[in-house]
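Bear in mind the structure is a predicted one, so any value in this text is a computation, not a measurement.
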Amino acid sequence: MNQREELIRLWFQMWLQKKDLGILKLFTANAIYVESWGPKYHGNAEIKHWFDEWNTRGTVLSWEIDQFFHKQNQTVVEWQFKCQMKNSEVTEFDGISLLKWTRDNRVQFLKEYGCKSDNYNPYQMSADSPQFRDEKVDWL
C-alpha cells in the first residue's frame, strides 16, 4: 500500500512541478484516465501528451491529499485541488480518484470525481423552502 501511495504522491508532484517524472512508467500502455468533468485519455502516451499540453495553459497551485483507501488492486484517494488557467480565475474543488493497479503497481485505470469545495446549506434560511445559489455547475 505504501508504494501505491507514494506513486500517487509522485503523480500529484508532477503536476505541482510541471515536470514529467515518469508518466510512461506510472501508467500502462493501455491505461484509461477519466477526468471529473468528462475528458477521457487512452494509453500512457496520450496521458503524457495531455499532461505536457495542459501545463502550457495552466498551473496547478495545490493538490493536497486527505486520505487513502485500499482494497485488493484498487485505491481511492480523497483530495483538494486548486489551479489557474492562463488569463483566468483560480478554480478549486474537492475530489476523489479511483485507481486500479496492475500486479507490478502500474496504473491501468484512473477516474476522478469532483465536488465543489464552496459548500452551503440551502435550508439555512428556511426549513421548508431551500434557497439554492444561482450558479452554473461546470462538470455536470
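- Of the N and O atoms on the side chains of Ser97 and Lys111, not one donor lies less than 3.5 Å from an acceptor on the other residue.
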Intermediate values then yes/no, side-chain contact (heavy atoms from CB on, under 4.5 Å), Trp63 and Trp11
CA-CA 10 Å; Trp63 202 355; Trp11 176 237; 4.1 Å; yes
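- The side-chain heavy atoms of Asp20 and Lys48, taken from C-beta on, include a pair separated by under 4.5 Å.
- Open room surrounds CG on Asp134; 12 or fewer heavy atoms of other groups in view lie less than 6.0 Å from it.
- Not less than 6.0 angstrom separates the ring centroid of Phe68 from the ring centroid of Trp79.
- Residues Ser126 and Asp128 bring no donor and acceptor atom of their side chains to less than 3.5 Å of each other.
- The shortest non-hydrogen separation linking Lys40 to Glu46 is O-OE2, 4.0 Å.
- The neighbour count for Lys18 NZ, taken as heavy atoms of other residues, nucleotides or ligands under 6.0 Å away, is above 12.
- Put simply, the side chain of Ser129 does not reach to within 4.5 Å of the side chain of Tyr123, judged on heavy atoms.
- The pair Lys116-Asp94 fails the salt-bridge criterion, with no side-chain N (NZ, NE, NH1 or NH2) lying under 4.0 Å from an Asp/Glu carboxylate O.
- Side-chain contacts under 4.5 Å among hydrophobic residues (ILVMFWY), followed directly or transitively, place Val34 together with Ile32, Phe69, Val76, Ile96, Leu98, Phe109, Tyr113.
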Apply side-chain hydrogen bond (donor to acceptor under 3.5 Å, both in side chains) to the pair Gln131 and Tyr120, showing each step before the final yes or no.
CA-CA 10 Å; Gln131 302 295 313; Tyr120 67 98; over 6 Å; no
Worked check of side-chain hydrogen bond (donor to acceptor under 3.5 Å, both in side chains) between Gln80 and Glu64:
CA-CA 5 Å; Gln80 292 96 43; Glu64 299 293 327; over 6 Å; no
